[in-house]
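Whatever order the structure lists ligands and atoms in, that order sets their numbers, starting from 1. Worth saying up front: this structure is predicted, and the values here are computed from it rather than measured.
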Amino acid sequence: MTDSDKIKTLPLPFLERMKEMLGDDYDAFLKSYENPRTYGLRVNTAKLSCQEFEALSPFKLQPIPWISNGYFYNEESRPARCPYYQAGLYYLQEPSAMTPASRLPIEPGDFVLDLCAAPGGKATALGAALNDTGFLLANDISTSRARALLRNLELFGIKNMLVTDEKPAKLAQRFPSFFNKILLDAPCSGEGMFRKEEALARDWTPEKSAELSDIQKDLVLKAADMLRPGGMLLYSTCTFAPCEDEEVVAYLLSERPDMELIEMPGYEGFSAGRPKFAGAAAAFDSEELRKCVRIFPHKMDGEGHFLALFRKKGDSLPPVFRSLEKGPDKNTRKWLDEFFAEIGLKTLGGQEFDWNRVEVRKDKVYYHLPFPLDLRGISFLRNGLYLGDLKKNRFEPSQPLALALHKGDIEATISLSVSDERITRYLKGETLNIEPDEAAHKKGWHLLCADGYPVGFGKLVNGILKNKYPAGWRV
Ligand SMILES: C[S@@+](CC[C@H](N)C(=O)[O-])C[C@H]1O[C@@H](n2cnc3c(N)ncnc32)[C@H](O)[C@@H]1O
């Protein structure tokens with residue numbers, strides 16, 4: 001389909017509304033559909049700095065000016081095929097979609113909720129910013145989408161996380177005034193993504209936006225109720241529809257007078273929210289809506305988005321938890337100790353290993369959140385990090401453990417260059433020949449690394465590395 005054909009697929013009522021919204025800018029907006037879309041990559045700063053990534057990157061990068069750790073890349077570079085992707089060094093994300101997580105200021109130790117998180121484009125950014133301090137609850141109502149979310153968080157090596165597939169109402173009941181940072185990237189009509197995904201334009205109807213607006217209003221109230229006084233909530237959509245954007249913001253401000261809009265770090269391409277779209281619920285100064293941000297594809301190298309940053313008035317202290325004092329049973333401790341001695345474990349993700357966080361369920365060993373949460377009745381896919389499995393009298397490590405390890409955490413590594421074809425063969429599940437000077441130990445469990453960044457485990461026997469990369473992760 002040519003680019004001018006693309007314009008022909010845009011629904012007429014949508015175009016009429018955009019013409020009214022944009023006035024003199026409408027022609028430039030329409031013309032932007034003739035431009036190719038841009039491609040973005042966001043560096044996992046929990047694993048390496050942007051400078052380190054720039055020095056390593058095999059593809060040409062150009063910084064995204066409004067995202068501190070974001071880069072444009074050329075479509076032909078195919079960064080998903082590079083082993084650094086399997087090592088969790090970056091996430092591929094449309095550049096505008098990087099904006100919401102980047103405008104929610106995460107501090108070490110924050111309790112963060114991403115309410116509609118799958119597949120994890122924003123949750124991975126929030127988790128990396130927390131860098132295993134505090135904790136991240138990443139939720140999605142859809143179980144299958146929550147599985148993809150879990151995989152992406154595991155790829156990023158995040159430990160302090162709870163991944164749930166719950167109804168927001170249930171979470172709101174269990175966690176009132178609990179989190180101090182919340183991202184609500186709401187389900188929306190996706191008008192901002194019409195250039196990227198034509199199917200969205202084909203399925204669009206004005207009635208859908210009205211239905212979604214009701215859902216968004218419900219979700220934003222639930223999110224506000226889970227926010228602690230003094231905490232911040234970022235609401236975002238990838239649509240231009242006023243009933244899903246300013247109208248939802250106005251609704252929250254009217255229903256919850258303790259919520260206020262605040263300015264977010266700006267960028268020259270951002271456009272202000274529109275006071276006239278406040279809708280019926282305008283029991284506040286609608287000029288405040290100018291603090292919202294609209295992203296238009298004719299003003300920036302990205303697709304359409306909407307963002308609003310709120311603060312809950314007042315102040316509060318973080319919840320206090322009793323510390324965990326349980327730890328694993330004697331045998332689990334022994335088998336884990338033996339494995340850790342074999343690989344020479346010093347730290348886990350740069351932090352001291354905390355035995356109190358270890359718990360076994362059905363022969364699976366987990367490294368829980370650092371404090372106990374009451375999860376009775378809450379449906380979750382993961383609490384913390386899945387460390388591995390108890391087999392007959394021994395422990396076998398998991399892939400998420402491999403990805404949660406940092407350079408320097410363990411002794412038993414084999415580090416090959418990313419361009420060494422053995423890394424690609426490993427990712428396909430093949431066994432490898434390893435020279436004696438390439439491995440830290442003569443035999444046993446090793447962590448295979450690409451330029452020092454963990455990719456997965458293998459077991460060395462007589463110069464052959466038996467592949468332990470799980471079938472479900474292979475490329
Ligand atoms: C815009 S997408 C989220 C994208 C995600 N934040 C990211 O950056 O990768 C919206 C998500 O909301 C989920 N969703 C839809 N209705 C929901 C509801 N009532 N409660 C929670 N999540 C919901 C959908 O399954 C979908 O994954």
Side-chain angles (χ1 to χ4, degrees), residues 40-42 44 67 70 90-104 106 112-129 136-156 158 161-175 179 181-194 196-197 199-200 203-204 208-209 211-226 233-241 244-245 248 295 302-308 378-381:
L41 162 165
R42 204 190 63 244
N44 180 357
I67 304 290
Y90 47 78
Y91 189 91
L92 303 180
Q93 190 174 33
E94 191 285 305
S96 295
M98 295 181 192
T99 319
S102 79
R103 270 21 182 206
L104 182 62
I106 302 296
V112 182
L113 167 66
D114 186 346
L115 192 56
C116 301
K122 294 160 191 96
T124 48
L126 300 172
L136 169 71
L137 194 168
N139 178 68
D140 203 278
I141 201 164
S142 149
T143 304
S144 58
R145 287 178 62 83
R147 281 197 196 103
L149 165 68
L150 172 62
R151 171 60 64 93
N152 282 321
L153 289 167
E154 287 178 335
L155 204 50
F156 255 47
I158 291 162
M161 64 173 178
L162 178 66
V163 180
T164 59
D165 53 345
E166 265 302 353
K167 291 197 177 83
K170 187 100 165 266
L171 294 177
Q173 246 176 15
R174 180 59 54 88
F175 298 109
F179 300 95
K181 301 286 159 62
I182 298 182
L183 184 85
L184 170 54
D185 185 38
C188 73
S189 55
E191 291 174 1
M193 296 291 150
F194 284 176
K196 196 173 151 240
E197 290 174 46
L200 287 169
D203 296 343
W204 181 93
K208 248 188 209 162
S209 270
E211 278 168 34
L212 283 159
S213 177
D214 287 343
I215 294 173
Q216 291 150 350
K217 286 173 184 168
D218 181 49
L219 287 172
V220 83
L221 288 190
K222 299 279 181 303
D225 293 345
M226 284 188 265
L233 161 67
L234 195 135
Y235 174 77
S236 61
T237 71
C238 58
T239 193
F240 304 115
E244 300 183 57
D245 294 341
V248 176
I295 296 180
E303 308 304 311
H305 260 77
F306 174 86
L307 296 86
I378 299 286
S379 172
F380 66 91
L381 286 81

N or O contacts of ligand 1 with protein under 3.5 Å, please list pair by pair.
from	atom 1	to	atom 2	distance (Å)
ligand 1	6 (N)	C116	O	3.0
ligand 1	6 (N)	D185	OD2	2.7
ligand 1	8 (O)	K122	N	3.2
ligand 1	8 (O)	K122	NZ	2.9
ligand 1	9 (O)	P119	N	3.4
ligand 1	9 (O)	G120	N	3.2
ligand 1	9 (O)	G121	N	2.9
ligand 1	25 (O)	D140	OD1	2.7
ligand 1	25 (O)	R145	NE	3.4
ligand 1	27 (O)	A118	O	3.3
ligand 1	27 (O)	D140	OD1	3.4
ligand 1	27 (O)	D140	OD2	2.7
ligand 1	27 (O)	R145	NE	2.6
ligand 1	27 (O)	R145	NH2	2.9

**Q.** Set of residues satisfying side-chain contact (heavy atoms from CB on, under 4.5 Å) with respect to D165, sequence neighbours excluded
**A.**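 By the side-chain contact (heavy atoms from CB on, under 4.5 Å) rule, D165 matches T143, A146, S379, L381.
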Q: Calculate, to the nearest 0.5 Å, the distance between atoms OG1 and CD1 belonging to T124 and I158 respectively.
A: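 With rounding to 0.5 Å, OG1 (T124) is 6.5 Å from CD1 (I158).
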Q. Have E244 and S189 got a donor and an acceptor in their side chains that come within less than 3.5 Å?
A.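 Yes - a donor-acceptor pair under 3.5 Å links their side chains.
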Q) For the side chain of D114 and the backbone of A123, is there at least one donor-acceptor N/O pair under 3.5 Å apart? A)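 Present.
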Q: Using the test side chain to side chain donor-acceptor pair (under 3.5 Å), find all partners of S236 that sit at least two apart in sequence or belong to another chain.
A: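 With neighbours one apart ignored, the set is D185.
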Q. Residues two or more places apart in sequence or in another chain: which of them pass salt bridge (Lys or Arg N to Asp or Glu O under 4.0 Å) with R174?
A.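 For R174, the residues satisfying salt bridge (Lys or Arg N to Asp or Glu O under 4.0 Å) (neighbours in sequence not counted) are D374.
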